[in-house]
Structures are given as structure tokens and as C-alpha cells.
Amino acid sequence: MKKWILLLIIVLGASFFFFGTKKGNVIQHTALTYVMPINYINEAGLTVSNRIKLPKGYTRTTTEVNSFASYLQDYILKPFGAPVINYDGNPYIYQSGHVGILEIPVPSNGLQQCADALMRIRAEYLWDNNRKGEIGFNFTSGHYCNWSKYAEGYRPKVNGNKVTFKKRAAANYTKQNFYKYLNLIYTYSGTQSLFDELPPVNAISKLQIGDMLIKPGSPGHVIMIVDIAENRDGNRLFIFAQGNTPAQSVHIIKNPNDTSISPWFELEMNGFLEIPTYYFNDSQFMRFK
């Protein structure tokens, strides 16, 4: 085959990949995040709602005191410009897809991946609001594992999809033991268990702060709504945070597909949604019980 024909095939193939596929578009738009302007950002803001400014004509969702939504809007952020850090202590190779880092430690054991990080946020919210009896998650097998029984000393014995719980340890209700419980959850729960366990939200108008967009599987992915704004016409915009795999800092993501409103996102129920380095083919949202 002549060299020019081979070169033409390579060029056409690359063009089709980058311009004719969803994955190619994600690569293009991820590359644009390195140079895209950062809009609607208050660099001095140290909470989610203070860091993200509102587009003209929009009002931020008002939340109830001590609600999960309020907890997320008021979540403390690291100073602007803080990098995403992997579980091994090294900076993540890609640093242009976020506008804020949530003040959540990344354990060095590597277990706190995308779904795990959001389950941790939910569990810590319940802990901090004296609702410890509500802390519990399903394993991927479908078996429910709650903090109360773990604190009493009950431990699971996992044999494939069969799980039994027996008292094997002394009662321990400390925060240190709580994080051991979460490590157990990280090991046996994930995007699939959340998708199977939680109720869906089937309308954009019904979405709340704290709802999650989940792609179940291995690997799957999940992102969480951490703020919402709405205008007089009822149009809604959303801010998302995510953990990732490998385990890394939980961060607020940019909108690589619409730089004019980034980091806000417009949503279409059951539609395509692109985020830095990833995309969801359909938007299925779930809500913690």
C-alpha cells in the first residue's frame, strides 16, 4: 500500500474518532478545559455556594437548616487552585477539570473511589446530625449493612453472593471505628449497589441537591448534585461534584460541553451528559433514602 494512502486512512480514522464518536468528543472537550475561561467563580469562596456565582436571572435553591442539601451547599472547600490529589499523595495527572476541592481526606488505602466518596459524605452528614441509626448501605449482593450493627460488633462473612452477619468483636461506637465501617462499605458496595438500592428521580423539576447521576457497573461512575439555581421561567442549572477511580480528592467539576455557563450544567432527563474525561449515555438520577 502506498504511503500516502496509508496516511490518508490514518487521518480519516482519527477524524472519525475525534469528530464522529461520543468518546472522541469527550477527548476534544477535555482538552479544551485547559484553555477555557473560568466563569462564575468567586476565588475567595470557601464553601460550595460561596465559590460558585449565579448566572444572571437565576436564584440559588433555598434549603432547610440541617438538611442534606444545606450540608452540601455549605460544604467547606480547600482554597481556590488546590489540586486533585490521588490516594498515594501525588497530584492527579489532569488538573483542569475542576473549580473546587471538598475538604475530605483521601485515605491512603485507595478504597474511597467514586461511589465510596459520595457514600462517605452521606454517612458523615447523618453522623454529624445525630442520625447515626440511619447510616447503612447495601452490598452489591443486596445485603444491608448498617453502622449500628457494626458498632455492636457484628461482622459480615462473605461467600460469593451469600453474606451472613455474626457478632465477632466488642462493641465500639467511636469515630475511628466508624471509618473502619466505611472501609468495609467501600469494599463491598459501589455504583451497582447504589443503583439497585435507591429510588429513581424521573423529572428535572423534581431533582434535589444530593441526588446522584449513576452509571452502574464495573467500572461505573457517579456524580452528585451539590447546588441548584433556577430562573423565573423555571429553567434549572446544576453544579456537580465527584470522586473518582483511582481514589482521589472529591472535586466540583467544570462543564466541558458548554463553557458559557460552566461550571453550571443544563440537564435533559434521560439525555446525554458530558463531564471532564467521562460521559453518561442517559441521565438516570437516584436519591438517598
Side-chain angles (χ1 to χ4, degrees), residues 29-30 33 36-64 67-82 84 95-104 114-115 117-118 120-122 125 201 203-214 221-231 234-244 248-269 271-280 283-288:
H29 293 150
T30 297
T33 61
M36 66 186 288
I38 302 178
N39 301 318
Y40 303 113
I41 296 298
N42 170 24
E43 295 186 4
L46 292 178
T47 66
V48 171
S49 60
N50 287 335
R51 174 68 54 86
I52 312 299
K53 296 179 180 180
L54 290 165
K56 186 176 180 180
Y58 281 82
T59 302
R60 180 167 275 109
T61 294
T62 301
T63 54
E64 295 182 7
S67 67
F68 188 45
S70 175
Y71 183 82
L72 292 172
Q73 284 183 321
D74 294 337
Y75 212 99
I76 300 299
L77 303 180
K78 293 183 181 294
F80 184 77
V84 174
Q95 294 290 339
S96 294
H98 69 279
V99 297
I101 304 292
L102 277 65
E103 195 65 79
I104 303 172
C114 62
L118 304 186
R120 173 177 179 167
I121 291 173
R122 176 63 177 180
Y125 159 72
V201 182
I204 296 296
S205 61
K206 295 181 180 179
L207 286 172
Q208 299 176 7
I209 297 170
D211 290 346
M212 296 170 292
L213 174 58
I214 303 177
H221 194 49
V222 55
I223 57 178
M224 176 182 280
I225 298 171
V226 293
D227 209 354
I228 300 175
E230 186 170 345
N231 65 13
N235 299 316
R236 308 184 85 200
L237 298 176
F238 302 84
I239 295 293
F240 288 105
Q242 67 171 9
N244 216 335
Q248 60 185 220
S249 309
V250 181
H251 50 280
I252 301 172
I253 57 177
K254 293 180 181 178
N255 180 351
N257 196 49
D258 190 345
T259 60
S260 67
I261 61 171
S262 179
W264 294 97
F265 285 77
E266 290 184 302
L267 296 178
E268 177 183 351
M269 189 58 67
F272 175 79
L273 182 68
E274 181 183 336
I275 64 174
T277 75
Y278 194 82
Y279 66 88
F280 295 86
S283 300
Q284 180 58 68
F285 287 87
M286 322 293 290
R287 178 173 299 161
F288 281 120

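The structure presented is a predicted model; accordingly, all values stated were derived computationally and were not measured.
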Checklist entry - Taking all non-hydrogen atoms of both residues, which atom of L72 and which atom of I225 are closest, and how far apart? => result CD1-O, 3.9 Å
Item to check | Atom pair CD1/NE2 of I223 and H251 - distance to nearest 0.5 Å | outcome: 10.0 Å
Next on the checklist: For a 4.5 angstrom cut-off between non-hydrogen side-chain atoms, does V84 reach Q95?
Outcome noted: yes
Item to check | Test item: I104 and Y75 side chains (from C-beta on) under 4.5 Å apart, heavy atoms | outcome: yes
Checklist entry - Out of curiosity, T277 OG1 to Q242 CD, how far, rounded to the nearest 0.5 Å? => result 6.5 Å
Checklist entry - Do N39 side-chain atoms and T259 backbone N/O form a donor-acceptor pair below 3.5 Å? => result yes
Next on the checklist: Ignoring hydrogens, what is the shortest heavy-atom contact between M224 and L118? Give both atom names and the distance.
Outcome noted: CB-CD1, 3.8 Å
Checklist entry - Once you round to the nearest 0.5 Å, how far does CD1 of I252 lie from CZ of R51? => result 7.0 Å
Next on the checklist: With heavy-atom distances below 4.5 Å as the criterion, would you say the side chains of Y279 and N257 are in contact?
Outcome noted: no
Checklist entry - Looking at side-chain heavy atoms only, is the closest gap between F238 and D211 below 4.5 Å? => result no
Next on the checklist: Going by the rule side chain to side chain contact (heavy atoms under 4.5 Å, CB included), which residues pair with L54 if we only count those two or more places apart in sequence or in a different chain?
Outcome noted: R60, A229, W264
Checklist entry - If you take all heavy atoms of N231 and G57, which pair is closest and at what distance? => result CB-O, 3.2 Å
Checklist outcome for this item: Closest heavy-atom pair, Y58 versus N235, reported as atoms and distance to 0.1 Å, is CE2-O, 3.3 Å
Checklist entry - Hey, does the side chain of R236 reach the backbone of E230 with a donor-acceptor pair shorter than 3.5 angstrom? => result no
Checklist outcome for this item: Taken to the nearest 0.5 Å, the spacing of T61 OG1 from I228 CD1 works out to 4.5 Å
Item to check | Check: L213 and L267 side chains under 4.5 Å, non-hydrogen atoms | outcome: no
Next on the checklist: Could you go through H221 and I275, starting from their C-alpha distance and side-chain angles, then the distance that decides it, and tell me whether this counts as side chain to side chain contact (heavy atoms under 4.5 Å, CB included)?
Outcome noted: CA-CA 11 Å; H221 194 49; I275 64 174; 4.0 Å; yes
Next on the checklist: Looking at every non-hydrogen atom in both residues, tell me the closest pair between I101 and A82 and how far apart they are.
Outcome noted: CG1-O, 3.4 Å
Checklist entry - Does a side-chain heavy-atom distance below 4.5 Å link V48 with D74? => result no
Checklist entry - Between F68 and F288, how do the two ring planes meet: parallel, tilted or perpendicular, split at 30° and 60°? => result perpendicular
Checklist entry - Closest heavy-atom contact between K254 and V99? => result CG-CG1, 3.8 Å
Item to check | Polar side-chain atom of S262 near backbone of N255 as donor-acceptor pair, under 3.5 Å | outcome: yes
Checklist entry - Are any of the side-chain heavy atoms of L237 and E266 separated by less than 4.5 Å? => result yes
Checklist entry - Are side-chain heavy atoms of I41 and I52 found at a separation under 4.5 Å? => result yes
Item to check | Nearest-0.5 Å distance, CG of residue N42 to NZ of residue K53 | outcome: 6.0 Å
Item to check | Counterpart residues, ring-ring contact (aromatic ring centres under 6.0 Å, His included), relative to F285 (two or more places apart) | outcome: none
Next on the checklist: Nearest 0.5 Å, please: how far is CG in L77 from OG1 in T47?
Outcome noted: 6.5 Å
